[in-house]
Amino acid sequence: MTILVTGGAGYIGSHTVAELISRGENVVVVDNLVTGHRSAVSAAARFYEGDIRDASFLNRVFAENEIEAVIHFAASSLVGESVSNPLKYYDNNLLGTFSLVSAMAGHGVNKIVFSSTAATYGEPERVPIEETAPTRPESPYGETKLAMENLFRWCDQAYGIKFVSLRYFNACGAHPDGTIGEDHTPESHLIPIILQVPLGQREQIGIFGDDYRTEDGTCIRDYIHVMDLADAHLLALAYLRAGNSSDIFNLGSGTGFSVKQVIELAREVTGHPIPAAVSPRRAGDPAVLIASSGKAQQVLEWKPRYNDLKTIIETAWNWHKEHPQGYGD
Ligand code: NAD
Ligand code: UDP
């Protein structure tokens with residue numbers, strides 16, 4: 001039996017594929033390479049280049065492989081872009097998922113693990129954020145992810161397709177063996193942007209606002225290592241294989257770091273002074289986002305191994321300094 005990974009050439013997908021392969025799973029990857037990289041995909045996985053919105057392409061993939069379950073990463077995921085171009089997000093995220101779940105229903109596949117996001121919550125009333133917190137997304141990105149979760153809920157009821165929705169907080173870091181890492185164009189995430197300074201690719205890091213109601217005035221986020229995320233997907237798969245019911249889990253470390261703290265740790269790791277300058281706030285940034293991940297730890301028995309942000313940044317730096325141009329494609 002085979003696991004189908006959509007978006008398996010992307011950042012989190014490629015690390016999850018590597019982890020699935022290392023644990024002896026058969027893996028098929030579907031990716032249109034719009035933001036992903038062919039060379040990020042383990043050579044042991046079967047690769048299909050194509051779009052999940054293409055029903056005949058997907059039917060061929062399902063017909064040619066004995067798919068047991070799907071892990072679904074393929075999506076567009078830039079908050080700002082989703083605000084300026086919401087139709088792209090409804091098309092790729094919602095119609096893409098509609099097409100994927102239609103193929104699953106047509107081929108009798110009844111398990112899916114899904115990349116959701118902390119952006120489904122919007123500005124939290126309380127932190128750490130629990131799964132029961134209200135969901136009030138503040139962007140079409142978060143809104144389409146929430147709509148995808150709801151699509152799964154109804155398809156579970158109607159067709160018995162069981163799902164686990166994983167609401168990630170801030171994914172970061174790279175594979176400890178240094179072979180794969182984060183390569184987004186444009187890059188929007190804080191840690192790889194900071195590391196562009198010691199790489200000589202930018203002069204300084206802009207801090208988006210230092211007048212938030214936090215100790216040092218900069219935003220606080222919950223940074224979680226990509227290998228811990230990968231591990232959670234395998235546990236979610238095991239949870240569904242054991243016949244458990246559909247559910248939603250937060251994935252974060254439960255600890256928050258401010259933008260200034262992240263920059264300071266990056267200075268320690270790289271030995272570079274990394275100049276920083278305060279710039280205006282970025283629209284829609286909540287002051288503090290920290291996950292309560294107790295549910296994933298209790299129910300899935302998930303134990304994040306990278307609890308130390310300095311070690312997380314070290315794994316990212318290890319990848320970036322060896323691959324200053326990313327995958328170079
Ligand atoms: P990514 O852009 O690196 O990976 C997405 C992959 O999906 C890419 O390889 C892309 O080519 C592929 N893809 C997109 N649309 C497709 C389509 N229609 N058909 C086939 N392939 C398609 O992104 P990532 O950072 O690895 O994120 C993976 C998932 O996790 C996304 O769904 C994202 O919304 C979610 N997520 C990411 C973060 C984060 O911090 N990176 C946080 C929360 C949630
Ligand atoms: N950030 C920043 N400068 C940058 C990029 C990000 O100050 O060049 C801040 C951003 O405002 C947020 C935090 O860093 O408070 C993490 O941002 P990222 O885009 O990595 O993740 P997000 O919080 O949007 O999921």
Side-chain angles (χ1 to χ4, degrees), residues 5-17 29-38 40-41 48-54 57-58 61 71-80 82 88-89 91-93 95-97 99-100 114-120 139 141-142 144-145 148 165-173 181-185 187-194 196-197 202 204-210 212 214 218-224 226 229-230 233 250-252 256-263 276-289 326:
V5 181
T6 74
Y11 170 45
I12 306 169
S14 59
H15 288 77
T16 304
V17 168
V29 170
V30 162
D31 200 299
N32 63 5
L33 301 181
V34 164
T35 56
H37 310 276
R38 177 68 185 88
V41 182
Y48 287 85
E49 183 173 347
D51 197 297
I52 56 166
R53 289 164 296 181
D54 179 345
F57 161 70
L58 264 196
V61 174
I71 305 185
H72 180 32
F73 296 98
S76 302
S77 56
L78 295 172
V79 172
S82 79
K88 173 176 176 180
Y89 281 70
D91 178 11
N92 202 34
N93 294 359
L95 292 184
T97 301
S99 163
L100 176 67
F114 164 63
S115 300
S116 189
T117 166
T120 53
S139 67
Y141 168 60
T144 54
K145 287 280 172 173
M148 290 148 89
S165 180
L166 300 174
R167 292 180 178 161
Y168 319 153
F169 282 62
N170 292 62
C172 54
E182 186 167 11
D183 177 3
H184 289 123
T185 308
E187 187 51 77
S188 68
H189 295 115
L190 179 64
I191 292 174
I193 291 179
I194 293 174
Q196 288 170 353
V197 182
R202 71 166 61 222
Q204 61 180 21
I205 175 79
I207 297 174
F208 296 156
D210 68 347
Y212 285 94
T214 60
T218 65
C219 287
I220 293 178
R221 294 287 179 273
D222 181 333
Y223 295 90
I224 181 77
V226 66
L229 290 182
H233 289 76
N250 287 338
L251 297 179
F257 288 88
S258 72
V259 174
K260 283 188 176 165
Q261 286 175 316
V262 177
I263 296 170
V278 178
S279 56
R281 286 183 177 200
R282 186 172 67 177
D285 259 343
V288 183
L289 286 179

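Whatever order the structure lists them in is the order used to number ligands and atoms, beginning at 1.
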With a 4.0 Å cut-off on heavy atoms, does A9 reach ligand 1?
yes

Given Y141, Y223, F73, which has its nearest heavy atom closest to atom 33 (C) of ligand 1?
Y141

Between H189 and ligand 2, does any nitrogen or oxygen pair lie at a separation below 3.5 Å?
no

How far does CG of L190 sit from OH of Y223, to the nearest 0.5 angstrom?
4.5 Å

Flag for Y168-S115: side-chain donor and acceptor within less than 3.5 Å:
yes

The protein heavy atom nearest to atom 11 (O) of ligand 1 is D31 OD1, 2.6 Å

Out of F257, F208, Y223, the nearest non-hydrogen contact to atom 4 (C) of ligand 2 is supplied by F208

Looking only at heavy atoms, is any part of H184 under 4.0 Å from ligand 1, and if so is it the side chain, the backbone, or both, or is it neither?
side chain

Which residues pass the side-chain hydrogen bond (donor to acceptor under 3.5 Å, both in side chains) test with N32, sequence neighbours left out?
D51

Tell me whether ligand 1 is touched by S76 - counting only heavy atoms on the residue side and a distance under 4.0 Å.
no

Under a 3.5 Å threshold, yes or no: a donor from one side chain and an acceptor from the other, between H72 and T97?
yes

Looking at ligand 1, does D51 have a heavy atom less than 4.0 Å from it?
yes

Provide, to 0.1 Å, the distance between atom 15 (O) of ligand 2 and the closest protein heavy atom, together with that atom's residue and name.
C219 CB, 3.0 Å

